[in-house]
Amino acid sequence: MQRRTVLGTAAVAAAAAAAPAAVGAATPRPRTFVLVHGAFHGGWCWQRVASRLRARGHAVFTPTWTGLGERAHLMRPGIDLATFVQDVSSVIEVEELRDVVLVGHSFGGYVITGVADRLADRLSEVVYVDAAVATSGRSPFAELPAEVRRARMEAAVERQGTRVILPPPASSFGLERPEDIAWVDRRMTPMPLDAYDSAITLQGPPAGSTPARYIRCTRPPLPQVAAGAAYARERGWRYAEIATGHDAMVTSPSELVALLEDQERLAR
């Protein structure tokens with residue numbers, strides 16, 4: 001049965017501050033998190049969340065896809081969605097991770113869907129944070145609203161012999177504080193066009209038999225991921241909302257950590 005929690009930033013922050021007295025155990029069981037970024041971003045976008053999770057005793061990995069972030073120098077023709085799936089899968093395999101909480105933000109939802117299809121035996125949970133949910137055989141372009149697809153195509157240019165999509169303004173991700181906008185704008189890098197125009201083949205439904213959750217950012221809601229949120233609710237995934245912009249890891253890291261640690265009880 002679907003559970004739904006609606007979280008306000010102030011309410012969760014206040015509850016989190018009181019958590020040791022109310023819950024009795026300030027530090028939850030240590031877990032292993034693999035945090036997967038979205039389009040134009042890199043592992044850097046999880047800094048505020050990762051530092052909080054590590055301070056609470058968790059192991060945290062924040063891989064960056066080939067050609068983005070600190071790996072922008074590796075941009076080349078042929079980088080597609082399957083490349084990103086391999087990037088994240090390789091971290092889990094090489095680091096010999098198990099019982100992983102696999103978290104994907106935005107475009108990263110396509111990626112974690114592919115990873116979960118390949119490495120279900122390594123995962124304990126899959127968490128979609130305001131993310132797309134991949135459909136087998138369909139490209140991200142095929143699932144985007146027509147106006148968003150058109151904007152992405154119009155932003156495509158040639159870089160390092162590769163067709164790439166230039167980043168939109170950081171403000172389009174629900175950021176409001178000038179310092180956050182500047183921080184994200186400085187770090188975003190172009191996305192390879194083929195990543196939007198390629199598909200992955202799944203052996204089963206998204207997340208398969210792995211427990212899945214969806215966290216929807218609602219202030220303001222991003223239309224591009226509405227279909228992913230609807231998919232999660234229709235299939236009875238556990239569902240929560242957080243009253244912040246799309247880049248919740250930047251705007252509301254403490255509240256997002258509470259949800260990733262599954263502290264929904266704090267909002268009751």
Side-chain angles (χ1 to χ4, degrees), residues 7 12-13 16-17 19-20 23 25-66 68-71 84-116 118-131 173 180 183-184 187-189 207 210-215 217 238 240 242 244 246-264 266:
L7 302 181
V12 177
V23 179
T27 304
R29 174 177 63 87
R31 307 181 75 181
T32 298
F33 289 87
V34 175
L35 309 178
V36 181
H37 61 86
F40 312 106
H41 291 51
W44 55 264
C45 73
W46 292 104
Q47 286 180 16
R48 300 173 187 179
V49 167
S51 63
R52 285 165 170 80
L53 287 172
R54 289 176 181 133
R56 293 176 65 77
H58 304 293
V60 184
F61 296 81
T62 58
T64 295
W65 306 328
T66 302
L68 281 84
E70 76 277 12
R71 306 182 71 206
F84 297 162
V85 172
Q86 184 61 59
D87 286 333
V88 177
S89 297
S90 293
V91 170
I92 294 172
E93 292 172 328
V94 171
E95 296 289 350
E96 299 182 343
L97 305 181
R98 294 195 176 276
D99 296 322
V100 171
V101 180
L102 181 63
V103 181
H105 173 249
S106 197
F107 190 97
Y110 294 112
V111 178
I112 65 170
T113 302
V115 175
R118 295 173 55 168
L119 300 179
D121 62 324
R122 302 287 190 107
L123 309 180
S124 62
E125 188 176 21
V126 182
V127 184
Y128 292 79
V129 179
D130 222 32
F173 297 113
D180 288 341
W183 188 71
V184 173
R187 286 164 171 78
M188 285 196 296
T189 49
T210 306
R213 286 193 287 147
Y214 198 98
I215 300 171
C217 300
R238 293 173 60 204
I242 181 169
T244 193
H246 181 59
D247 270 10
M249 74 288 293
V250 177
T251 57
S252 301
S254 295
E255 293 83 349
L256 185 54
V257 164
L259 279 176
L260 293 180
E261 286 187 327
D262 199 18
Q263 296 182 41
E264 291 182 318
L266 296 178

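Side-chain atoms are counted along with the backbone in the values below, which use heavy atoms only and exclude waters and symmetry mates.
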For the residue pair [X] and [Y], what are the closest heavy atoms and their distance?
X	Y	value
Pro30	Gly57	CB-O, 3.5 Å
Cys217	Ala248	SG-CB, 3.7 Å
Ala240	Leu259	CB-CD2, 4.1 Å

Determine, step by step, whether Leu102 and Val36 satisfy the side-chain contact (heavy atoms from CB on, under 4.5 Å) criterion, reporting the C-alpha distance in whole Å, the side-chain angles of both residues, the deciding distance to 0.1 Å, and the verdict. CA-CA 8 Å; Leu102 181 63; Val36 181; 4.0 Å; yes
Can a donor-acceptor pair be found, under 3.5 Å and without considering hydrogens, that links the side chain of [X] to the backbone of [Y]?
X	Y	result
Thr62	Leu35	no
Thr251	Asp247	yes
Arg118	Val85	no
His246	His105	no
Arg122	Val100	no
Tyr214	Ala131	yes
Arg54	Val60	yes
Thr189	Gly69	yes

Out of the candidates His58, Arg29, Arg31, Arg52, only one should pair with Glu261 under the side chain to side chain donor-acceptor pair (under 3.5 Å) rule; please name it.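 Output: one option passes, namely His58.
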To the nearest 0.5 Å, what is the distance between [atom1] on [X] and [atom2] on [Y]?
X	Y	atom1	atom2	answer
Leu123	Leu97	CG	CG	10.0 Å
Ile92	Leu119	CD1	CG	5.5 Å
Leu68	Arg187	CG	CZ	15.0 Å
Asp121	Thr210	CG	OG1	9.0 Å
Leu256	Thr244	CG	OG1	9.0 Å
Thr64	Glu70	OG1	CD	3.5 Å

Any idea how Trp65 and Phe84 line up, ring-wise: parallel (<30°), tilted (30 to 60°), or perpendicular (>60°)?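 Taking Phe84 first and then Trp65, their aromatic rings lie parallel (interplane angle under 30°).
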Aromatic ring pairing Phe173/Phe40, orientation class (parallel under 30°, perpendicular over 60°, tilted between):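 Plane angle between 30° and 60°, so tilted.
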After noting the C-alpha distance and the side-chain angles of Val101 and Leu260, does the key distance pass the side-chain contact (heavy atoms from CB on, under 4.5 Å) rule? CA-CA 9 Å; Val101 180; Leu260 293 180; 5.8 Å; no
So Arg48 and Asp180, salt bridge (charged side-chain N to carboxylate O under 4.0 Å, His left out) or not? Walk me through it. CA-CA 12 Å; Arg48 300 173 187 179; Asp180 288 341; 3.1 Å; yes
With the side chain counted from C-beta on, respond yes when Pro63 and Asp87 share a heavy-atom pair under 4.5 Å apart, and no when they do not.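 A side-chain contact under 4.5 Å is absent here.
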Show, in sequence, the C-alpha distance, side-chain angles and deciding distance for Arg213 and Asp262, and conclude whether the side-chain contact (heavy atoms from CB on, under 4.5 Å) test is met. CA-CA 10 Å; Arg213 286 193 287 147; Asp262 199 18; 4.0 Å; yes
Pair Val184-Trp44, side-chain contact (heavy atoms from CB on, under 4.5 Å): steps then yes or no: CA-CA 9 Å; Val184 173; Trp44 55 264; 4.0 Å; yes
